[in-house]
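Inspection log for the structure reproduced underneath, given as structure tokens.
Numbers here simply count residues along the sequence, with the first being 1.
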Amino acid sequence: MHAIGLVCTNCGWRTGISNTYKCEYCENSLEVEYDFSDINLEKIKYVLNNAKTLWDYYELLPVKKLENIISLNEGNTPLLMSKSIGKKYGVNLYLKDETRNPTCSFKDRPNTVGLSIARELGLNVVSIASTGNGSASLSAYAANSGMECYIFIPEDTSTGKIIQALSHGAIPTKVKGTYSDAYNLCLDESMKNNWANLTSTYINPYTMEGDKTISYELY
């Protein structure tokens, strides 16, 4: 593993790989910091050209032990040429079809990395504020790992929007107010109970690493 810790994107404050969501000094977002000084570039070039799943890029991701990876074979989604839009503007336009991921969403990328890190940190509960793709995806990965999954949703959310999450055993909490209220309660409960909060790329620093794999595949 080449990940060496977390670093504040604003002031440069650093801490180790942990269930930490913001800088202790300026409360800004954190990102994973890597040391690639000893990386085998030829091996990475080969992987970039031959990867079959997202986790073929594990040397570019923050999980240390392969046995902690929770995967449903996400990634390696196709590029499809857009004939109508491309023709209209006279360009070769390709679309990355993320519906080919296990739960039909790009959310599978950040969730597989975020949940795998949670397992590596010894956490057994994950949480998310979401009424759609995010909760459906996270609940599927949590079910595969045996971890509990709490979803926070506005009280007027229809069952139809969360049926996929419920079918995977997610535990719903209906919150009075808007999505922002659900977001804030999820954040508070997660911090209080030391859950892994995977609500947003900008909360959990590890989820962005999953999103980056789209770029690796484009390369």
Side-chain angles (χ1 to χ4, degrees), residues 1-45 47-48 51 54-71 74-75 106-130 134 137-138 141-142 145 147 149-150 152 183-219:
M1 181 185 71
H2 298 275
I4 57 175
L6 302 174
V7 59
C8 176
T9 58
N10 180 52
C11 72
W13 175 79
R14 287 175 168 80
T15 189
I17 299 295
S18 59
N19 193 36
T20 306
Y21 300 118
K22 62 183 179 180
C23 175
E24 285 189 358
Y25 292 95
C26 68
E27 298 190 348
N28 207 65
S29 298
L30 304 175
E31 65 180 6
V32 179
E33 185 176 24
Y34 293 89
D35 178 5
F36 290 128
S37 59
D38 63 344
I39 199 166
N40 186 328
L41 291 179
E42 290 304 315
K43 180 180 178 181
I44 294 301
K45 288 178 181 178
V47 169
L48 288 173
L54 179 156
W55 284 103
D56 285 335
Y57 307 114
Y58 74 91
E59 289 193 78
L60 304 176
L61 295 170
V63 175
K64 183 177 182 180
K65 296 181 178 180
L66 297 182
E67 58 264 32
N68 290 321
I69 292 174
I70 306 300
S71 175
E74 54 289 315
F106 78 96
K107 290 289 187 178
D108 292 348
R109 293 180 186 268
N111 283 336
T112 184
V113 177
L115 195 141
S116 296
I117 283 287
R119 168 179 270 190
E120 190 150 270
L121 294 173
L123 306 178
N124 53 23
V125 180
V126 293
S127 61
I128 191 168
S130 167
S137 172
L138 184 60
Y141 282 85
S145 69
M147 299 171 74
C149 178
Y150 287 85
F152 293 78
Y183 177 100
N184 290 329
L185 182 59
C186 180
L187 181 61
D188 290 344
E189 288 297 308
S190 298
M191 293 183 69
K192 181 174 68 176
N193 295 292
N194 196 31
W195 297 342
N197 184 355
L198 277 74
T199 296
S200 165
T201 295
Y202 300 103
I203 286 182
N204 189 304
Y206 307 106
T207 54
M208 172 111 36
E209 304 308 301
D211 291 326
K212 286 179 182 179
T213 59
I214 291 179
S215 297
Y216 301 155
E217 291 175 17
L218 290 175
Y219 174 85

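Within the 4.5 Å cutoff, no side-chain heavy atoms of Leu187 are placed close to those of Thr199. No side-chain heavy atom of Tyr57 sits less than 4.5 Å from a side-chain heavy atom of Lys212. Counting only heavy atoms from C-beta outward, the side chains of Trp13 and Cys26 never approach each other to under 4.5 Å. In this structure, Arg119 and Ser145 have side chains that are in contact, with non-hydrogen atoms separated by less than 4.5 Å. Side-chain contact between Val7 and Leu30 is absent, with no heavy atoms from C-beta onward closer than 4.5 Å. Residues Pro62 and Glu209 are in side-chain contact: their nearest non-hydrogen atoms beyond the backbone lie under 4.5 Å apart. Residues Asn193 and Val125 are not in side-chain contact: their nearest non-hydrogen atoms beyond the backbone lie 4.5 Å or more apart. Inter-residue side-chain proximity for Val126 and Tyr141 is flagged as unmet; no heavy-atom pair is nearer than 4.5 Å.
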- Test log, rule side chain to side chain contact (heavy atoms under 4.5 Å, CB included), inputs Leu61 and Thr213: CA-CA 9 Å; Leu61 295 170; Thr213 59; 4.2 Å; yes
- Message: If you apply the rule side chain to side chain contact (heavy atoms under 4.5 Å, CB included), what do you find for Val113 with Asn111, and how did you get there?
- Response: CA-CA 5 Å; Val113 177; Asn111 283 336; over 6 Å; no
- Task: Please assess Leu6 against Val32 for the test side chain to side chain contact (heavy atoms under 4.5 Å, CB included), listing each intermediate value before the final yes or no.
- Result: CA-CA 5 Å; Leu6 302 174; Val32 179; 4.0 Å; yes
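Ion pairing between a basic and an acidic side chain is recognised when a charged N comes within 4.0 Å of a carboxylate O; Lys43 and Glu59 show such pairing. Salt-bridge check for Arg14 with Glu33: passed, with a basic side-chain N closer than 4.0 Å to an acidic carboxylate O.
Judged by distance alone, the side chains of Tyr206 and Glu120 never bring a donor and an acceptor atom under 3.5 Å apart. For the residue pair Thr9/Ser29, the side-chain donor-acceptor check at 3.5 Å is not satisfied. Neither side chain, Asn68 nor Ser116, offers a donor N or O lying under 3.5 Å from an acceptor on the other. No donor-acceptor contact under 3.5 angstrom links the side chains of Asn204 and Asn197, judged on distance only.
From Leu138, atom CG reaches atom OG of Ser127 across 8.0 Å, with rounding to the nearest 0.5 Å. A distance of 9.0 Å separates OG of Ser37 from CD1 of Ile4, quoted to the nearest 0.5 Å. The line from CD1 of Ile17 to CG of Leu121 is 8.0 Å long, rounded to the nearest 0.5 Å. Summarising the geometry, atom CD1 belonging to Ile203 is positioned 9.5 Å from atom CG belonging to Leu198; distances are rounded to the nearest 0.5 Å. Interatomic distance, Leu123 CG to Met147 CE, rounded to the nearest 0.5 Å: 6.0 Å. Expressed to the nearest 0.5 Å, how far CG of Leu115 lies from OG of Ser137 amounts to 9.5 Å.
Aromatic ring orientation, Tyr150 versus Trp195: parallel (interplanar angle below 30°, classes split at 30° and 60°).
When the shell of 6.0 Å around CZ of Phe36 is examined, it contains more than 12 heavy atoms from other residues, nucleotides or ligands.
For an aromatic pair to be called close, the ring centres must be under 6.0 Å apart, and Tyr34 with His2 fails this.
A donor-acceptor pair is defined here as one N or O able to donate and one able to accept, closer than 3.5 Å; such a pair exists between the side chain of Thr112 and the backbone of Ile70.
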